[in-house]
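These notes concern the structure reproduced below.
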Amino acid sequence: MRLAILGTGLMGSSASARLKELGFHIVLWNRSIEKTEVIARDLGVDIARSIVEAISSVDYALAFLADDSALLSVVSSIPRADGLIFVNFSTVTPKASIMASEFLSTRGVCYVEAPILGGPRIVREGKAIILVSGPSHCVGSIEGILKALASDIIFISEDIGKASALKLAYNNMLITSIASLAESIVLAEAYGLSLDIVKNVFSKTVFKDLVERYFDRLISEEIPTGFKLSLAAKDMEYASRAAFDKGIPLPLASAVEQLYMLASKAGLGDKDYTRIYLFMKRLGLKT
Ligand SMILES: NC(=O)c1ccc[n+]([C@@H]2O[C@H](COP(=O)([O-])OP(=O)(O)OC[C@H]3O[C@@H](n4cnc5c(N)ncnc54)[C@H](OP(=O)(O)O)[C@@H]3O)[C@@H](O)[C@H]2O)c1
């Protein structure tokens, strides 16, 4: 099975390593080619100099792109490619996903959206959760690819946009919960409570799983970026935008989006999104 990987950032490079390990033949394309050269060398795979070259000899194109504009820019470069299946793993708005699907259908390409729940490490281990929307016959033919990356594949609908909407709804809850946990830690610390006692108490409650997974990551001084803080801001903005398109307000999402935007503008955009705790702590220290 020959695949083109479009976008070799944190997610695309992890997926590439996993797919290569499982015997898929892959070719890599990335907007900034220099970033891909190291990855391609490590994996022993080919690089394509253009999107047209990347898809010229494959049956499947897998996109791991930052946002709506990245997706639409890549999709608009796809020439007529009858029979190609384009799988979009990026987190985008339902509207952008539908636009990509409609454009690609004029190129003879079948579009499937498959947003991922889980970060690069989980994808590398093949243990992600993937939500899928798209025509059943195309979804059926990518089962092997999805199974390589995910332990849980959930078919949402034939209608493009629904899996993306659910992914945004999930990230809205996750990113807001992380900000809320960070805020609560800052509050407790302001009263001289130790991190140990805060963690101990929180972990005995309904927030047990969240605390076990994120408390230490939030308070650690330095951790490698798994999910960029700027992309968390993007997901919150997309949740608000998707709600706006349906005429419903999401006041909490808008507030949290602004918080992550501020942290991003303060220079934390490329850092892990859990740096939101350090940002809030710094804000507190300034008052
Ligand atoms: N990291 C996570 O934990 C995680 C989990 C689930 C879902 N996601 C989603 O998965 C997607 C990829 O995330 P990531 O963590 O891999 O992000 P990333 O490391 O920032 O990679 C983003 C990729 O998008 C490319 N890109 C950005 N703008 C572009 C444009 N205008 N045209 C073409 N390519 C463009 C980048 O190319 P350059 O190298 O040239 O900048 C890079 O390959 C995002 O939608 C993210 O929200 C991430």
Side-chain angles (χ1 to χ4, degrees), residues 4-18 26-40 47-52 54-55 61-78 86-94 96-97 100 113-132 146 149-150 152 163-175 178 213-214 217 223-239 241-242 257 260 264 268-276:
I5 308 289
L6 308 177
T8 57
L10 290 166
M11 292 295 269
S13 56
S14 287
S16 299
R18 173 78 181 164
I26 58 175
V27 57
L28 307 182
W29 174 86
N30 196 56
R31 177 183 61 173
S32 313
I33 197 161
E34 68 284 357
K35 292 190 196 165
T36 312
E37 278 162 352
V38 183
I39 299 162
I47 293 181
R49 307 264 144 199
S50 67
I51 294 169
V52 173
I55 63 154
L62 315 184
F64 299 87
L65 299 162
D67 53 21
D68 284 8
S69 59
L71 174 69
L72 295 174
S73 150
V74 165
V75 158
S76 66
S77 304
I78 305 254
F86 187 105
V87 190
N88 176 34
F89 291 98
S90 330
T91 306
V92 296
T93 58
S97 202
E113 60 175 7
I116 299 178
L117 277 52
R121 186 181 51 80
I122 290 172
V123 165
R124 182 68 186 83
E125 291 167 1
K127 291 180 181 161
I129 298 168
I130 300 190
L131 312 177
V132 188
L146 299 178
L149 304 176
D152 216 340
S164 288
L166 187 52
K167 163 72 195 197
L168 290 177
Y170 168 74
N171 267 23
N172 177 39
M173 187 167 58
L174 175 71
I175 295 165
I178 298 241
R213 281 184 72 163
Y214 289 103
R217 191 167 155 185
I223 55 159
T225 301
F227 179 39
K228 288 180 185 163
L229 193 145
S230 60
L231 293 182
K234 176 263 302 185
D235 286 359
M236 296 308 294
E237 196 222 318
Y238 284 3
R241 217 191 277 181
E257 174 209 329
Y260 281 87
S264 208
L268 296 171
D270 282 342
K271 304 280 185 193
D272 192 71
Y273 75 132
T274 54
R275 302 305 78 194
I276 202 68

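Positions are given from 1, in the same order as the sequence printed here. Both counts, for ligands and for their atoms, begin at 1 and track the order of listing.
- Inclusion of Leu10 in the set of residues having an N or O under 3.5 Å from an N or O of ligand 1 is warranted.
- Proximity of Gly226 to ligand 1 is established by a heavy-atom distance of less than 4.0 Å.
- Each of the following atoms of ligand 1 lies closer than 4.0 Å to a heavy atom of Lys234: 44 (C), 45 (O), 46 (C), 47 (O).
- Shortest contact from atom 12 (C) of ligand 1 to any protein heavy atom: Leu65 O, 3.8 Å.
- With a 4.0 Å heavy-atom cut-off, ligand 1 is reached by the backbone of Thr8 but not by any atom from C-beta on.
- Atom CG of Leu65 and atom CE of Met11 lie 12.0 Å apart (nearest 0.5 Å).
- Considering backbone and side-chain N/O atoms, Thr91 comes within less than 3.5 Å of an N/O atom of ligand 1.
- Here the closest heavy-atom approach between residue Leu6 and residue Ala61 is recorded as CD1-CB, 4.0 Å.
- Side-chain contact between Leu174 and Tyr214 is present, with at least one heavy-atom pair separated by less than 4.5 Å.
- Shown in contact with Lys35 at under 4.0 Å from a heavy atom are these atoms of ligand 1, numbered in order with element: 38 (P), 39 (O), 41 (O).
- Distance check: Leu231 CG to Tyr273 OH gives 11.5 Å after rounding to the nearest 0.5 Å.
- Side-chain atoms of Asn88 and Ser90 form a donor-acceptor pair, as typed in the model, at a separation below 3.5 Å.
- When Asp270, Asp272, Leu268 are each tested for a side-chain contact (heavy atoms from CB on, under 4.5 Å) with Lys228, only one passes: Asp270.
- With ligand atoms numbered from 1 in the order given, ligand 1 contributes 3 (O) to contacts under 4.0 Å with heavy atoms of Gly119.
- Using a 4.5 Å heavy-atom cutoff, the side chains of Tyr238 and Asp67 are in contact.
- Note: Ile178 CD1 to Arg217 CZ = 7.0 Å, rounded to the nearest 0.5 Å.
- Of all the heavy atoms in Asn172 and Met236, the pair that sits closest is OD1-CE, 3.1 Å.
- Within the listing of ligand 1, atoms 43 (O) sit less than 4.0 angstrom from a heavy atom of Gly7.
- Between Phe89 and ligand 1, a contact under 3.5 Å exists for no N or O pair.
- Distance from atom 20 (O) of ligand 1 to its nearest protein heavy atom, with residue and atom name: Lys228 NZ, 2.8 Å.
- Under 4.0 Å from ligand 1, heavy atoms of Met11 appear from its side chain as well as its backbone.
- Atom CD1 of Ile116 is separated from atom CG of Leu149 by 6.0 Å, given to the nearest 0.5 angstrom.
- Per-residue contacts place Pro120 under 4.0 angstrom from the following atoms of ligand 1 (heavy atoms of the residue considered): 1 (N), 2 (C), 3 (O).
- With a 4.5 Å cut-off on side-chain heavy atoms, Thr91 and Lys234 count as touching.
- Considering every non-hydrogen atom in both Asn30 and Gly7, the closest pair reads OD1-CA, 3.5 Å.
- For Leu231, every heavy-atom contact with ligand 1 shorter than 4.0 Å involves the side chain, none the backbone.
- Nearest protein heavy-atom contact of atom 21 (O) of ligand 1 is Gly9 CA, 3.4 Å.
- For ligand 1, the atoms sitting less than 4.0 Å from at least one non-hydrogen atom of Lys167 are 6 (C), 7 (C), numbered in the order shown with element in parentheses.
- The two residues Ile33 and Ala48 come nearest to each other via the heavy atoms CD1-O, 4.2 Å.
- With a heavy-atom cut-off of 4.0 Å, Phe64 touches ligand 1 through its backbone alone.
- Residue Ala66 has at least one N or O atom closer than 3.5 Å to an N or O atom of ligand 1.
- When Trp29, Phe64, Phe89 are each tested for a side-chain contact (heavy atoms from CB on, under 4.5 Å) with Ile5, only one passes: Phe64.
- At least one heavy atom of Gly118 lies less than 4.0 angstrom from ligand 1.
- The shortest N or O to N or O distance between Arg31 and ligand 1 is under 3.5 Å.
- Below 4.0 Å from some heavy atom of Ser32 lie the following atoms of ligand 1, by number and element: 38 (P), 39 (O), 40 (O).
- In this comparison of Ala70, Ser73, Ser13, Gly12, the heavy atom closest to atom 35 (C) of ligand 1 sits on Ala70.
- The nearest protein atom to atom 42 (C) of ligand 1, hydrogens excluded, is given as Asn30 OD1, 3.8 Å; this is a heavy-atom distance.
- Interface of Ile116 with ligand 1, defined as ligand atoms under 4.0 Å from a residue heavy atom, comprises 6 (C), 7 (C).
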